[in-house]
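These notes concern the structure reproduced below.
As the structure lists them, so they are numbered: ligands from 1, and atoms in each ligand from 1.
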Amino acid sequence: MKIGVLGTGIVGTTIGARLAQLGHKVMMGSRSATNEKAAAWAQAAGENACHGTFADAAKFGEILFNCTSGVGSLPALELAGRENLEGRILVDISNPLDFSQGFPPSLTVCNTDSLGERIQATYPELKVVKTLNTMNCGVMVDPTLIPGDHTVFLSGNDAEAKARVMDLLAEFGWQRKNLIDLGDISTARGPEMLLPVWVRLYGAFGNANFNFNVVRAEQTPA
Ligand SMILES: NC(=O)c1ccc[n+]([C@@H]2O[C@H](COP(=O)([O-])OP(=O)(O)OC[C@H]3O[C@@H](n4cnc5c(N)ncnc54)[C@H](OP(=O)(O)O)[C@@H]3O)[C@@H](O)[C@H]2O)c1
């Protein structure tokens, strides 16, 4: 599959490398066609990898990953160009974190709205699927880093898009029983609001090798 990865940070490079390793054709996008981090990533990731601008990557991919900063997500999509987003699935991994006042970061949007919803509302031509934002990027692409069952949430309006993203998560190694479809894109509020907890767990543990796990009682007939 041809996939566009928007973002040159640790999430973009980690997701992009894993997708290329799995045999997908991956283009990484950034604000500049000559971004040094993107060029180094493409060199290291091999023949399935290339890079360009946000617009180049959006045009290239049938599925796009949003791995840009929370404050940069809407500007990056604007640079990608509405005409290049038509019909694309956008796997939205971003978090609306504001580090401008130091640590811990605050959320730029919460409670009655979310970044996932703002992206979907701004770009109705996209099929936004919010997922993977509640864990470190190493865990996203290799869930075996954490022993036992642990959870990845999905939120989005388009059932077929969520099913395709679930297939990609399975390629990363996620077990189907650990994928929780929360519902439409408004359900992205909860996973985004888990970030203040995630950040404090990171502080308490001193590393990012953990994840949330939802434990349920056995299903009983109604
Ligand atoms: N670190 C993790 O493990 C982790 C886990 C879960 C979720 N997340 C979320 O994943 C996202 C990516 O995180 P990250 O640490 O890899 O990267 P990041 O440093 O948060 O973001 C880097 C990317 O954002 C783009 N960007 C920044 N400001 C921009 C602007 N004003 N306009 C357009 N683009 C802009 C940069 O573009 P250029 O390439 O042009 O510089 C770059 O590609 C974040 O939203 C983060 O909260 C991270």
Proximity winner for [atom], if only heavy atoms of [options] are counted:
atom                    : options        : answer
atom 24 (O) of ligand 1 : G72, G138, S69 : S69
atom 44 (C) of ligand 1 : L97, T68, V5   : T68
atom 9 (C) of ligand 1  : T14, L115, I93 : I93
atom 30 (C) of ligand 1 : K37, M135, R31 : R31

Starting from [atom], what is the nearest protein heavy atom, named by residue and atom, and what distance separates them?
atom                    : result
atom 3 (O) of ligand 1  : C137 N, 2.9 Å
atom 12 (C) of ligand 1 : C67 O, 3.2 Å
atom 14 (P) of ligand 1 : V11 CG2, 4.0 Å
atom 17 (O) of ligand 1 : G9 CA, 3.9 Å
atom 15 (O) of ligand 1 : I10 CG2, 3.8 Å
atom 46 (C) of ligand 1 : N95 N, 4.1 Å
atom 32 (N) of ligand 1 : P75 CB, 3.5 Å
atom 39 (O) of ligand 1 : T8 OG1, 2.7 Å

Exercise. Is any side-chain N of the basic residue among E62 and R164 closer than 4.0 Å to the acidic one's carboxylate O?
Worked result: yes
Exercise. Does a salt bridge link R189 with D113, judged by any charged N lying under 4.0 Å from a carboxylate O?
Worked result: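 A salt bridge is absent here (no side-chain N lies under 4.0 Å from a carboxylate O).
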Show which atoms of ligand 1 fall inside a sub-4.0 Å distance from at least one heavy-atom site of [X].
X   : value
G7  : 43 (O)
A76 : 33 (C), 34 (N)
G70 : 45 (O)

Exercise. Taking atom CD of Q21 as the centre, does the number of heavy atoms from other residues, nucleotides or ligands within less than 6.0 Å exceed 12?
Worked result: yes
Exercise. Above 12 or not: heavy atoms from other molecules or residues under 6.0 Å from CZ of R200?
Worked result: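 No, not enclosed.
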For this session: Decide yes or no on salt bridge (charged side-chain N to carboxylate O under 4.0 Å, His left out) for E117 and K130, but give the supporting numbers first.
Result: CA-CA 9 Å; E117 285 168 272; K130 183 103 209 177; over 6 Å; no
Problem set entry | Per-residue contact class, S94 against ligand 1 - non-hydrogen pairs under 4.0 Å | both
Exercise. Is it the side chain (CB and beyond), the backbone, both or neither of T13 that lies under 4.0 Å from ligand 1, heavy atoms counted?
Worked result: neither
For this session: Please collect all salt bridge (Lys or Arg N to Asp or Glu O under 4.0 Å) contacts where either partner lies in residues 29-44, sequence neighbours excluded, each pair once.
Result: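 Counting only pairs at least two positions apart or across chains, no salt bridge (Lys or Arg N to Asp or Glu O under 4.0 Å) contact touches residues 29-44.
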Exercise. Under 6.0 Å between ring centres, would you say that holds for W198 and F212?
Worked result: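 Between F212 and W198, which both carry aromatic rings, the centre distance is not below 6.0 Å.
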For this session: Indicate yes or no for a side-chain donor-acceptor contact from W174 to the backbone of L169 under 3.5 Å, with no hydrogens or angles considered.
Result: no
Problem set entry | Whether F65 and F172 hold their rings parallel, tilted or perpendicular, with breakpoints at 30° and 60° | tilted
Problem set entry | Spatial distance of atom OG1 (T187) from atom CG (L154) [nearest 0.5 Å] |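 Rounded to the nearest 0.5 Å, the OG1-CG separation comes out at 9.0 Å.
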Exercise. Are L182 and L132 connected in a single hydrophobic cluster, I mean Ile/Leu/Val/Met/Phe/Trp/Tyr linked by side-chain heavy atoms less than 4.5 Å apart?
Worked result: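 L132 and L182: separate clusters.
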